[in-house]
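Reminder, nothing fancy here: chain letters follow the sequence lines and each chain counts from 1.
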Protein chains: 2
Amino acid sequence: MTMVRQTKQRAAVIEVLQASRAHPDAAQVHAQVREKLPSVSLGTVYRALDALVRDGMVTPIERVGQATRYDYRREGDDHHHAVCRTCGAIFDVPVSSVPPIPHAHLPAGFQVTDVRLEFMGVCPSCARN
Amino acid sequence: MTMVRQTKQRAAVIEVLQASRAHPDAAQVHAQVREKLPSVSLGTVYRALDALVRDGMVTPIERVGQATRYDYRREGDDHHHAVCRTCGAIFDVPVSSVPPIPHAHLPAGFQVTDVRLEFMGVCPSCARN
DNA sequence: ATATGTGCAAAACTTTTGCAATCTG
DNA sequence: CAGATTGCAAAAGTTTTGCACATAT
């Protein structure tokens, strides 16, 4: 059995993610973590994030040519995203505001683990400029 | 006014995308383009793909730590995707098989240009192994 | 003509990894 | 202790860019 250990580095990564609603990327998490634990390396942050994604505690949000951003999944706060193509801002959209999406017409035998819904567009602030 | 020119390189990129249902990445498009036009560079392929994405003729599909893949949007073949986390295969899911998704509860003034829906999971072939 | 597009190669980034040293359970 | 984890630095991989030359309009 693989054993997962609790380390201060991982605790710090989780703490940073929990404290932020900005969907930070790995470098931003790293910077924040370093404020508490200056010696933590970026590699360690990546390894911690990978583990959290694997555990389902965090969801990655990808965009072309940009660093992956990480979304902490809070209990009872399941949500989708609205992504601004201009400034990159990511807004949460509660799942409760979208009708349930049936898994119909998928390839036979395809096992869904996660449904990602993203509204791509232009945020109010960017639309104004 | 900026003028967009038609070149054989871009025509070849479009041709490759139209001919494929495999959602190729930039390197794969490049390889295919080179079969016809051996001198085309990878940089040119990236520039062509960027332009097509900007025009809305192609949709990028991102995955953590993997190359962006490109989806040619055929007239009357609007679709979402089912992505296998294990082998990376991407399956098309017709939009007609999913109920319309209301743009409710988005940030006030957010202008939606595109709705992306991805079913993440394990494909039948990978589930078997 | 002239501004856009191309090829090449180098640079910029993001993410992953090998390894010796350190920790956790 | 044994094995998981870390820091460091190098490597791998993807995407972007500067520049001189070619080309579409």
B:D50, nearest nucleotide to its side chain (from D:dG7, D:dT16, D:dA24) = D:dT16

Is the base of C:dG5 touched by the side chain of B:R10 through a donor-acceptor pair closer than 3.5 angstrom?
-> no

Take the protein atom CZ of A:R47 and the nucleotide atom C1' of C:dT15, then report the distance between them rounded to whole Å.
-> 11 Å

Give me the one residue out of A:V33, A:V40, A:L37 that meets side-chain contact (heavy atoms from CB on, under 4.5 Å) with A:K8.
-> A:L37

Among D:dG7, D:dT5, D:dT16, the one nearest B:Y46 by side-chain distance = D:dT16

Once you round it to whole Å, what is the distance between C1' of D:dT16 and CG of B:L42?
-> 10 Å

Classify the side chain of B:R5 and the base of D:dT25 as holding, or not holding, a donor-acceptor pair under 3.5 Å.
-> no

CA sep, side-chain torsions, deciding dist, call: B:M120, A:V115, side-chain contact (heavy atoms from CB on, under 4.5 Å) = CA-CA 6 Å; B:M120 306 300 295; A:V115 176; over 6 Å; no

Are OP1 or OP2 of C:dT6 and a side-chain N or O of B:S41 less than 4.0 angstrom apart?
-> no

According to a strict under-4.0 Å criterion, is B:Q9 in side-chain N/O contact with OP1 or OP2 of C:dG7?
-> yes

OP1 or OP2 of C:dT6 less than 4.0 angstrom from a side-chain nitrogen or oxygen of B:T7, does that happen here?
-> yes

Are B:F119 and A:H103 close enough that their ring centers fall under 6.0 Å?
-> yes

Side chain of A:A26 - closest among C:dT15, D:dT6, C:dG7 | C:dT15

Charged N to carboxylate O below 4.0 Å: is that the case for B:R116 and B:D114?
-> yes

